[in-house]
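Written out below as structure tokens is the structure these notes cover.
Below, each value reflects all heavy atoms present in this structure, side chains not excepted, and no hydrogens, waters or symmetry copies. We count ligands from 1, going down the list as the structure has it; atoms in each ligand are counted the same way.
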Amino acid sequence: MSTKKLAPVILAAGKGTRMVSEMPKVLHPLADKPMLTYALDLAEQITDEPPVVVLGFEAEKVQKVLDDRVRVVIQSQQLGTGHALNQASEILMGQSELILVWAADMPLLSVELLEKIVDCQRNNNGPMSIVTAQSDNHRGFGKIVRSDEQKVQAIVEQVDATEDQLSITEINVGVYCFASDWLWKQLNVLKPSASGEYYLTDLVECSYNQSKTIGVITVTDNNEIIGINNRVHLAEAENSIRRQTNNYWMEKGVTLQDPENTYISPDVKLGKDTIVLPNTHLTGNTKVGDRCVIGPNTTISDTIIGDDCKVKYSVIEMSVLENEVDVGPFGHLRAGSHLSRGVHIGNFGEVKNSHLGRDVKMGHFSYIGDATVGERTNIGAGSITCNFGMDKQKHRTVIGDDVFIGSDTMLVAPLKIGSRAKTGAGSVVTKDVPKDSLAVGVPARVIVNSIKKGKDGEQ
Ligand code: UD1
Ligand code: CA
């Protein structure tokens, strides 16, 4: 087999008018990542040759999601897919023998399919290969017109199709592989369509008219060809990815009680015998260990969770939970929370940028921020680290081992509480407390006879 050099080209210059959005279509998030990153990942898997991405609408914004390897060409006016591809000729002409082209709004295409069409074109004497599928759902796909001898003769866009052509069920997936010399020559002489756009798809008719063979690959899994032209399509793609991801984790030994309502982003990792309950969102680089129970109604992002943890009705961001930690209901762990083995955060606990030692218990309505808490310390209900000083700076609180923070203690930072110290209920602690000491106050002041007597003379 020949090893002609292959260059991938991704079309992504369109505004995506049908999205009705200020944001370029390819930046819309799909399963947590901008749509364009799916095409970039595919390109990376298919060849070492960096892709050429055609940008136009809001190019500077789109460029931010590209790494340095990617080569960008700008299509300053969106004059159609043929015109878009032609912008890549300045970089690729004479550089690569084969040009593989697809649109960034087809994020579910598989590497296997791209490999197949490249192989097909490598073995084709003609100048191009296309991918088709069977679908009676129009969705803006071009229709494949075949000649009497069943040869692919033309692709007709839905908007330009006759009544008869609209009933054709063979559609153009929008993935092409071209012999590059032929391609660049033909693109330069491409005629505009009735709407004034230069259609890439018209190259099929050019090739047919030159009696050249068009390679055809057929897709059987229509999930792969969910193209995104509007937000209904976006939701369909999201659904399809979710189903795939959830099936994958169930096969790996994770129980999802209700997979239709469990949202696991592609980069998340889950351990065996973990149970994920409904309406749980696991996003970013979250990793959950074995035998955990997560959810219901929980959102966890960019967090590492050990084995045997329980998290219910809670929100956790950028934190670390060691083994046997339990959180919730209604806990909120904000960025930088580190909960050591056996920590318990009960209802309405909030932790931020703090390290909690082993077996710390914080049962109810407390806030710990910018603090270090020693092992086995108990944080009583309603206690708070007052970390934001009147100087508008954040200050740290350091609490030792086996400390008992009484209910409703206000710990005014910067502050140190020594090991085995205790604070009384309602105390406002503004000065360091040495180890093995008790801190109490501020007691309520009683102001005698300050309340007026009622009619019957009683107080
Ligand atoms: C296109 C095909 C259609 C195919 C479908 C598959 C054409 C004329 N039609 O239609 O046959 O069934 O894809 O998904 O090619 N783009 C540019 N510059 C432009 C116009 C478009 O870069 O001037 C990019 C868009 O950003 C998009 C891609 O090309 O990523 C496809 O454009 P879109 O308008 O979505 O084409 P479809 O109507 O889907
Ligand atoms: Ca499209």
Contact region, M106 to ligand 1, non-hydrogen atoms below 4.0 Å, reads side chain
Atoms of ligand 1 under 4.0 Å from any heavy atom of A103, numbered from 1 in the order shown, are 28 (C), 30 (O), 31 (C)
At under 4.0 Å between heavy atoms, what of V54 touches ligand 1? The answer is neither
### Query
What about I155: any of its N or O atoms under 3.5 Å from an N or O on ligand 1?
no
Quick note on ligand 1: atoms under 4.0 Å from a heavy atom of Q75 include exactly 17 (C), 18 (N), 19 (C), 22 (O), 23 (O)
Non-hydrogen side-chain atoms of Q63 and E58 separated by less than 4.5 Å:
no
* Do any nitrogen or oxygen atoms of A13 come within less than 3.5 Å of a nitrogen or oxygen of ligand 1? -> yes
Logged contact type for E197 with ligand 1, heavy-atom cut-off 4.0 Å, is neither
Answer yes or no: does an N/O atom from G14 fall short of 3.5 Å to an N/O atom of ligand 1? yes
Discussion item. When you compare the side chains of Q153 and S147, does any donor N or O come within less than 3.5 Å of an acceptor on the partner?
Written reply: no
In ligand 1, the atoms that come under 4.0 Å of a heavy atom of V173 are 6 (C), 14 (O)
Q: For ligand 1, find out whether one of its N or O atoms is nearer than 3.5 Å to an N or O atom of L11.
A: yes
So the atoms of ligand 1 within less than 4.0 Å of a heavy atom of G142 turn out to be 3 (C), 4 (C), 11 (O), 12 (O)
Scanning both residues in full, the closest heavy-atom pair of I304 with N285 reads CD1-O, 4.4 Å
Within less than 3.0 Å of the Ca ion (ligand 2), the count of protein N, O or S atoms comes to 2
Checking heavy atoms under 4.0 Å, the part of R18 that sits near ligand 1 is side chain
For K25, the ligand 1 atoms with a heavy-atom partner under 4.0 Å come out as 35 (O)
**Study point:** Heteroatom distance test (T201, ligand 1): nitrogen or oxygen, under 3.5 angstrom
**Key:** no
Near A104 (heavy-atom distance under 4.0 Å), the atoms of ligand 1 are 30 (O)
Side-chain touch K25/D105, heavy atoms, less than 4.5 angstrom: yes
A student checking ligand 1 against A84 at a 4.0 Å heavy-atom cut-off should list atoms 17 (C), 18 (N), 22 (O)
Q) Can you tell if the side chain of Y38 reaches within under 4.5 Å of the side chain of M106, non-hydrogen atoms only? A) no
Filtering I144, L55, T81 for the heavy atom nearest atom 15 (O) of ligand 1 leaves T81
*If only atom types and distance count, is the side chain of N353 paired as donor or acceptor with the main-chain N or O of A335 below 3.5 Å?*
no
query = What about D105: any of its N or O atoms under 3.5 Å from an N or O on ligand 1?
reply = yes
Which of R291, R341, R358 passes salt bridge (charged side-chain N to carboxylate O under 4.0 Å, His left out) with E324? Answer is R341
Check: of I228, N172, V26, min heavy-atom distance to atom 4 (C) of ligand 1 comes from N172
Ligand 1 to L79, heavy atom cutoff 4.0 Å, flagged ligand atoms 23 (O)
